[in-house]
Amino acid sequence: MATGTEPPATEPHPRSGGVRAGTRAAIAAPHLRTDRWWLAPAGTVAGLLAFIVYSTWRAFADADYYAAPYVSPFYSPCLAERCEPMKAGPNWEIFGSWWGLSPAIIILIFPLGFRLTCYYYRKAYYRGFWASPPACAVAEPHKKYTGETRFPLILQNIHRYFFYAALLVAAILTYDTALAFRDEQYEWGHMGLGTLVFLVNIVLIWAYTISCHSCRHIVGGKLKHFSKHPVRYRMWQWAGKLNARHMQLAWASLVSVALADLYVYLVASGAFDDPRFF
């Protein structure tokens, strides 16, 4: 007796697999969603492309990244000998005079690697750029799926190591934020609009970093009895609450770090003077 799920006998082309396999419901439409499901992946593509274009331009610009007391987060710490001198700033001349490219290229690999392998960003660009899948209940166009078991996607497993590097970068940006409480003559006890921009940015950077799944596993993973580890259990709870907002924090920190760099660029290029509160 026919159940209504068998492929029609007159189907011109046999089903090839996946949602088109013969054991699946014989639905001619690619999906049954009637909402604007494509807005989310399209917005993701637009947002990430905008950041990629902007950050690439700023990374290779090699200029206007320091306006005392502010240093762009894209260029901190500055590891090349050719960096602009920053009094008490993050000048670590690990790379000698032989490095001729922008010093931002040296350091950006670590925060970008952390974000690129982040669980949320994987979901974002897998759906937005690779359509794997483009949305919930929408079949992907690929005929087979191997996940992150083969090169190059197997490299996503190094996310936990990029997390350690991200902690170091966040600590350095915290130091830069503290230095932002100086004026142009490096006198302490001052606060400008740039200081506020840096404060908002570093709070979002730390919130995004700590909300990472790897952080949550480090503080509370592999524990058989939470009752025997009350401190780690409490930390795990805090990380879990932030983890529930990981997507929002990922986007907010991405925007804030770009705005912090843009602010330094505008001040360093002379577009406007940094307003001072005190």
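Given the structure is predicted, the values throughout are model-derived calculations rather than measurements. Positions are given from 1 along the sequence.
- Figure legend: R115 and F162 shown without cation-pi pairing, the cationic atom not lying both under 6.0 angstrom from the six-membered ring centre and within 45 degrees of its axis.
- For CE of M191, the number of neighbouring non-hydrogen atoms (other residues, nucleotides, ligands) closer than 6.0 Å is greater than 12.
- Separation of atoms OG (S211) and CD (Q248) is listed at 9.5 Å; rounding is to 0.5 Å.
- In this structure the side chain of I107 never reaches within 4.5 angstrom of the side chain of S76, judged on heavy atoms.
- Here the side chains of V45 and Y125 are not in contact, with every heavy-atom distance at 4.5 Å or above.
- Without hydrogens or angle criteria, N91 side chain to M86 main chain gives a donor-acceptor distance under 3.5 Å.
- Checked by atom type and distance alone, the side chain of S253 pairs as donor or acceptor with a backbone atom of L249 at under 3.5 Å.
- Residues forming a side-chain contact (heavy atoms from CB on, under 4.5 Å) with V203 (at least two apart in sequence, or on another chain): none.
- In this structure, the side chain of T195 engages the main chain of A180 through a donor-acceptor pair within 3.5 Å.
- Residues that satisfy the salt bridge (Lys or Arg N to Asp or Glu O under 4.0 Å) test with E148, not counting sequence neighbours, are R122.
- Among residues two or more places apart in sequence or in another chain, the salt bridge (Lys or Arg N to Asp or Glu O under 4.0 Å) test is passed with D176 by none.
- The side-chain hydrogen bond (donor to acceptor under 3.5 Å, both in side chains) contacts involving residues 37-48 comprise H31-W37, where partners must be two or more places apart or lie in separate chains.
- Placement of L196 and V264 within a single hydrophobic cluster is found when ILVMFWY residues are connected by side-chain heavy-atom separations under 4.5 Å, directly or transitively.
- Residues satisfying the disulfide bond (SG atoms under 2.5 Å apart) criterion with C83, sequence neighbours excluded, are C78.
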- Task: Let me see the working for I154 and T149 under side chain to side chain contact (heavy atoms under 4.5 Å, CB included), right down to the final yes or no.
- Result: CA-CA 5 Å; I154 195 173; T149 60; 5.8 Å; no
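- M235 and F163 end up in different hydrophobic clusters when Ile, Leu, Val, Met, Phe, Trp and Tyr side chains are linked at under 4.5 Å.
- Checking Q237 against R234 by side-chain atom types alone, a donor-acceptor pair falls below 3.5 Å.
- Screening residues 52-64 for side-chain hydrogen bond (donor to acceptor under 3.5 Å, both in side chains) gives Y54-D261, R58-D261, D62-R82 as the qualifying pairs, with residues at least two apart or on separate chains.
- The two residues V169 and P111 have their closest heavy-atom pair at CG2-CD, 4.3 Å.
- In this structure Y65 satisfies the ring-ring contact (aromatic ring centres under 6.0 Å, His included) test together with Y75, sequence neighbours excluded.
- Looking at heavy atoms from C-beta onward, W251 lies out of side-chain contact with L204 at the 4.5 angstrom threshold.
- Between H246 and Y119, the gap from one ring centroid to the other reaches at least 6.0 Å.
- Applying the salt bridge (Lys or Arg N to Asp or Glu O under 4.0 Å) rule to E184 yields the partners R276; only residues at least two apart in sequence or on another chain are considered.
- The neighbour count for F129 CZ, taken as heavy atoms of other residues, nucleotides or ligands under 6.0 Å away, is above 12.
- Contact annotation: the side chain of L79 never approaches that of W99 to less than 4.5 Å [non-hydrogen atoms, C-beta and beyond].
- Scanning for side chain to side chain donor-acceptor pair (under 3.5 Å) contacts around D183 gives H190, with sequence neighbours left out.
- The distance from atom CG of L193 to atom CG of D273, rounded to the nearest 0.5 Å, is 12.0 Å.
- Put simply, W130 and L49 are part of the same group of oily side chains (I, L, V, M, F, W, Y) that touch within less than 4.5 Å, one to the next.
- Residues in residues 262-271 take part in these side-chain hydrogen bond (donor to acceptor under 3.5 Å, both in side chains) pairs, two or more places apart or across chains: Y263-D274.
- Between Y208 and I205, the closest side-chain pair of non-hydrogen atoms is not below 4.5 Å.
- Note: K224 NZ to K228 NZ = 9.5 Å, rounded to the nearest 0.5 Å.
- Note that the CG atom of L173 and the CD1 atom of I202 stand 5.0 Å from one another [nearest 0.5 Å].
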- Task: Show your working on side chain to side chain contact (heavy atoms under 4.5 Å, CB included) between W206 and N201 and close with a plain yes or no.
- Result: CA-CA 9 Å; W206 273 114; N201 178 59; over 6 Å; no
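- Nearest heavy atom pair, residue L199 against residue T177, reads CD2-CG2, 3.7 Å.
- There is a path of hydrophobic side-chain contacts, each under 4.5 Å, that joins F114 to I158.
- One distance of note links CG of L167 with SG of C212; it measures 9.0 Å at 0.5 Å rounding.
- Counting heavy atoms from C-beta on, the side chains of V257 and P73 come closer than 4.5 Å.
- Legend: residues meeting salt bridge (Lys or Arg N to Asp or Glu O under 4.0 Å) with R33, ordered by chain and number and at least two apart, are D35.
- For the residue pair P133 and R127, the shortest heavy atom distance occurs at O-CG, 2.8 Å.
- Listed by first and then second residue, the side-chain hydrogen bond (donor to acceptor under 3.5 Å, both in side chains) pairs involving residues 157-172 are T117-H159 (not counting sequence neighbours).
- In this structure the side chain of S132 reaches within 4.5 angstrom of the side chain of E140, judged on heavy atoms.
- A heavy-atom distance below 4.5 Å is found between the side chains of L48 and L254.
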- Message: Quick one, L223 with W236, criterion side chain to side chain contact (heavy atoms under 4.5 Å, CB included). Give me CA distance, side-chain angles, the key distance, then yes/no.
- Response: CA-CA 11 Å; L223 293 181; W236 179 80; over 6 Å; no
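- Considering every non-hydrogen atom in both Y186 and A68, the closest pair reads OH-CB, 3.7 Å.
- Counting all heavy atoms, side chain and backbone alike, G192 lies closest to F277 at O-CE1, 3.7 Å.
- Between C118 atom SG and K123 atom NZ the span is 11.0 Å, to the nearest 0.5 Å.
- Note: the hydrophobic cluster containing V71 also contains F272 (ILVMFWY, side chain heavy atoms under 4.5 Å, direct or indirect links).
- With Y121 contributing its side chain and A250 its backbone, the two residues share a donor-acceptor pair below 3.5 Å.
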- Any chance you could lay out the side chain to side chain contact (heavy atoms under 4.5 Å, CB included) test for F198 and L179, step after step, and finish with the verdict? CA-CA 10 Å; F198 273 51; L179 295 181; over 6 Å; no
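- Formation of a donor-acceptor pair under 3.5 Å by the R232 side chain with backbone atoms of I218 is found in this model.
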